[in-house]
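A, B, ... follow the sequence lines: proteins, then strands. Residue 1 opens every chain. Just so it is clear, the structure is predicted and the values come from calculations on it, not from any experiment.
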Amino acid sequence: MNTETKSYTISVYTENNVGLLNRVSSIFSKRHINIESLTTSQSEIENVNRFVIVATMEEQQATKIVGQLEKQIEVIKAYVHTDEETIYQESALFKVSLDSLLDKRQIQDIIKTSHANIVTVARDFFVIEKTGSRKETEQLYQDLKPYKLLQFVRSGRISVTKEPMNISEMLKAF
Amino acid sequence: MEIKTKASTKKNQSKKQQPISGAEAVVKCLLVEGVDLIYGYPGGAIMPIYDELYKYQDQLQHVLVRHEQGATHAAQGYARVTGKVGVAMATSGPGATNLVTGIADAQIDSTPLVCITGQVGKHLLGSDAFQETDIVGISTPVTKWNYQITEAAEIPEVLAKAFYIAKSGRPGPVLIDITKNAQFDTFDFEYQKCTSVRSYKAVPDVDKSQLLAAASLINAAKKPLIVFGQGVILGEAESEFKALIEKTGIPAAWTILGLSALESNHPLNVGMVGMHGNYGPNKLTNECDVLIAIGMRFDDRVTGNLESYAKQAKVIHFDIDPSEIDKNVKTDVAVLGNSKETLAKMLPLVNQNSHESWMQEFKEYHAIEFEKVIKDELFPTKKGITMGEVLKEINQVTKGKAVVVSDVGQHQMMACRYAEFNQTKSSITSGGLGTMGFALPAAIGAKMGAPEREVIAIIGDGGYQMTIQELGTIFQTKAAVKIVVLNNEFLGMVRQWQQLFFDKRYASTEMVNPDFVTIAKGYHIEAQKVTKRENLSGAIEKMIASKSSYFLEVFVEKENNVFPMISTGASVSDIRLS
Ligand SMILES: Cc1ncc(C[n+]2csc(CCOP(=O)(O)OP(=O)(O)O)c2C)c(N)n1
């Protein structure tokens with residue numbers, strides 16, 4: 001039996017209902033699995049939501065979790081994918097004091113080389129946005145850390161699969 | 001929630017009606033769903049519905065329980081004996097939270113329930129209003145589905161969905177929370193039964209290739225063993241099941257929830273598997289070449305240590321719930337679908353067969369178990385009454401026709417081991433959750449669901465006191481339930497573990513009990529106490545002969561143990577006889 005743990009992305013297509021987040025997350029917490037990130041948004045189909053959940057676990061656990069998720073009445077379909085099977089991104093925002101931008105040439109170099117964007121410049125701060133892999137946002141975080149980082153936030157992973165999903169057909173089949 | 005437009009086409013045909021209140025709509029929905037009996041307890045947030053129940057009392061009987069936990073258990077007893085959906089109702093806050101144990105019990109034992117709770121008005125939600133509890137949040141992990149209605153117009157569609165979800169596929173409990181404003185508001189009522197939910201596939205499609213794969217394993221098997229669970233009963237597949245075992249000649253063992261799906265004296269019935277199951281089926285689980293699991297879920301109380309469970313066998317698993325496949329035991333062939341359908345389709349694919357020498361092995365193990373365990377339990381030579389002999393005496397009078405509702409503990413294991421059944425849906429017990437206090441209210445529901453049958457509750461002195469107040473319900477409704485308390489003045493099952501695994505340190509398991517006979521009489525229930533063997537059979541005959549409810553307390557040997565036993569962490573084949 002393979003008991004090696006690794007990071008899995010679980011995508012869940014659901015009806016758009018109050019309370020479903022609770023039902024979905026309790027399936028993880030009941031098994032003592034820590035959700036590393038969770039994003040929910042509308043999907044490509046009207047009135048269908050998509051959760052993208054990242055968690056580290058054993059392969060077998062991941063399969064069972066998908067089974068438990070699919071068992072929920074308002075879950076249309078759940079999938080588990082490894083990193084290699086998906087295209088994924090995360091977004092990060094960095095709020096930095098304006099002084100550092102003006103004082104330090106290095107910051108401008110960091111922004112340029114990391115392909116980050118400045119989204120706002122206010123009177124005494126500015127905000128940098130970076131979308132990319134965890135490694136890239138993490139690198140930028142490390143780079144900016146010495147320059148008075150006022151706030152930092154990173155989004156959950158969003159991902160699409162390389163394989164087609166066929167949810168619309170599935171909905172017709174119920 | 002998305003409001004489907006299916007109903008709109010029908011609108012023109014039905015005659016124009018006056019708008020009705022949400023509360024009245026709830027009652028009308030229940031009536032359309034064929035509900036004629038509900039269990040509940042009123043309170044502020046559900047008063048509009050109770051007011052309607054008052055008006056409709058000639059069509060819909062409401063049984064006032066004495067604690068909301070009793071409402072869920074009674075609804076469970078009713079559902080399990082009838083196969084219909086049980087309905088329980090409570091007010092918001094404490095009323096709703098009191099339902100939770102029964103809901104959790106129904107969830108793990110796949111019992112169809114619809115629970116309706118009142119809730120504070122929509123404008124008060126989230127304000128910590130009087131008796132506001134987030135019952136939808138609380139009940140989420142223990143319901144098959146739940147939903148909060150905040151507008152009257154949602155009621156018909158949501159309740160239709162609730163009944164469909166509770167009963168279809170693998171059954172389970174559904175909770176519908178209805179805010180008070182939604183009960184008061186009026187709307188144009190129209191009801192359409194629900195027959196599908198787009199994100200929910202109730203029954204998986206049967207895969208012919210899996211049936212064929214299963215058949216070829218079964219046909220080649222030299223030592224096949226069937227272990228069946230409640231799936232046979234829930235799928236109403238008893239006759240298909242029997243036809244299959246009779247054709248193939250395969251010995252069949254049951255899980256605690258499968259009990260009564262196959263009559264006790266059937267020649268292929270080899271007894272119970274699991275912790276306190278029979279010697280043969282447990283031992284031989286680790287010797288069979290093909291293990292055929294039907295409508296069961298490989299609970300840890302059934303499998304013992306998974307690392308050494310049926311490792312030598314090919315495993316075929318019939319189930320309606322895809323998430324059960326490979327959950328605990330790795331399966332070679334999974335046959336998904338409703339048991340009634342899959343078993344019927346299996347029948348023509350399997351060969352007529354018999355397995356006499358293999359059956360002989362079961363008989364040999366049974367002889368050992370009889371000698372070492374059963375004999376002393378059923379025909380004791382010591383002075384004290386045993387639980388087993390009480391069951392034996394009951395069998396003698398009921399001839400396997402009664403419904404036996406057992407609570408949780410030693411007496412439960414004894415009831416399931418020794419009670420005899422010749423009819424399905426006859427053993428009702430809390431299997432998955434092991435809820436003490438289950439039996440008394442569940443017996444009320446069972447009696448109301450099957451009034452023509454004898455319903456006998458077997459309860460320990462501990463569990464009895466967890467829902468003893470339901471004697472009030474029995475008295476008020478005249479439900480002719482027969483109650484047998486097997487009094488060992490201990491929380492016997494826990495004491496047994498303390499004796500075996502904690503060097504007899506009897507921490508908080510000794511019970512100083514009241515006079516149960518006096519209590520029963522206080523509720524005007526005829527009652528009797530037995531302390532001597534010579535009075536036992538007479539007392540049981542008198543109890544069964546009674547046309548009304550009856551309470552019988554039997555003082556049994558205080559420190560007897562239930563054997564055989566698979567200790568926690570041990571393998572099924574390491575089952576011990578003492
Ligand atoms: C609500 C609840 N609390 C605690 C337990 C743990 N428990 C399991 S069996 C048992 C003892 C039951 O004693 P009694 O009802 O007297 O029955 P006996 O075992 O003596 O037959 C206990 C405390 C339980 N199953 N349910």
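The environment of A:Gln42 atom CD is sparse: at most 12 non-hydrogen atoms of other residues, nucleotides or ligands sit within 6.0 angstrom. Annotation: A:Lys162, atom NZ; neighbour count of heavy atoms from other residues, nucleotides and ligands within 6.0 Å is above 12. More than 12 non-hydrogen atoms from other residues, nucleotides or ligands lie less than 6.0 angstrom from CD of A:Gln142. Atom CG of B:Asp128 has 12 or fewer heavy atoms from other residues, nucleotides or ligands within 6.0 Å. Under a cut-off of 6.0 angstrom, the local environment of CD in A:Glu163 is sparse, with at most 12 non-hydrogen atoms contributed by other residues, nucleotides or ligands. For B:Lys314, the NZ atom counts as loosely surrounded, since its 6.0 Å shell holds 12 or fewer non-hydrogen atoms of other residues, nucleotides or ligands.
There is a side-chain donor-acceptor pair under 3.5 Å between A:Glu74 and B:Trp145.
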What verdict does the side-chain contact (heavy atoms from CB on, under 4.5 Å) test give for A:Arg23 and B:Thr143, after you've listed the backbone C-alpha separation in whole Å, the side-chain angles of each residue and the deciding distance to 0.1 Å? CA-CA 10 Å; A:Arg23 207 170 258 285; B:Thr143 48; 2.7 Å; yes
Would A:Val48 and B:Arg198 satisfy side-chain contact (heavy atoms from CB on, under 4.5 Å), going step by step from the backbone distance to the final call? CA-CA 11 Å; A:Val48 171; B:Arg198 76 162 185 180; 3.6 Å; yes
Test log, rule side-chain contact (heavy atoms from CB on, under 4.5 Å), inputs B:Glu324 and A:Lys71: CA-CA 10 Å; B:Glu324 288 301 340; A:Lys71 188 166 159 173; 4.3 Å; yes
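The parts of B:Asn146 that come within reach of chain A are both its backbone and its side chain, each placing non-hydrogen atoms under 4.5 angstrom from that chain. Heavy atoms of B:Gln148 lying under 4.5 Å from chain A are absent altogether. Looking at B:Lys144, both its backbone and its side chain come within 4.5 Å of chain A, counting heavy atoms on both sides.
Annotation: residues 164-172 of chain B contacts chain A through B:Ile165, B:Arg170 [non-hydrogen atoms, separation under 4.5 Å].
The main-chain N or O of A:Ile73 is found under 3.5 Å from a side-chain atom of B:Ser199 such that the two form a donor-acceptor pair.
Rounding to the nearest 0.5 angstrom, the gap separating the OH atom in B:Tyr200 from the CD1 atom in A:Ile76 is 15.0 Å.
The stretch residues 19-52 of chain A participates, sequence neighbours left out, in no ring pair (Phe, Tyr, Trp, His ring centres under 6.0 Å) pair at all.
Ion pairing of B:Lys201 with A:Glu70 is absent here, as no side-chain N (NZ or NE/NH1/NH2) approaches a carboxylate O to less than 4.0 Å.
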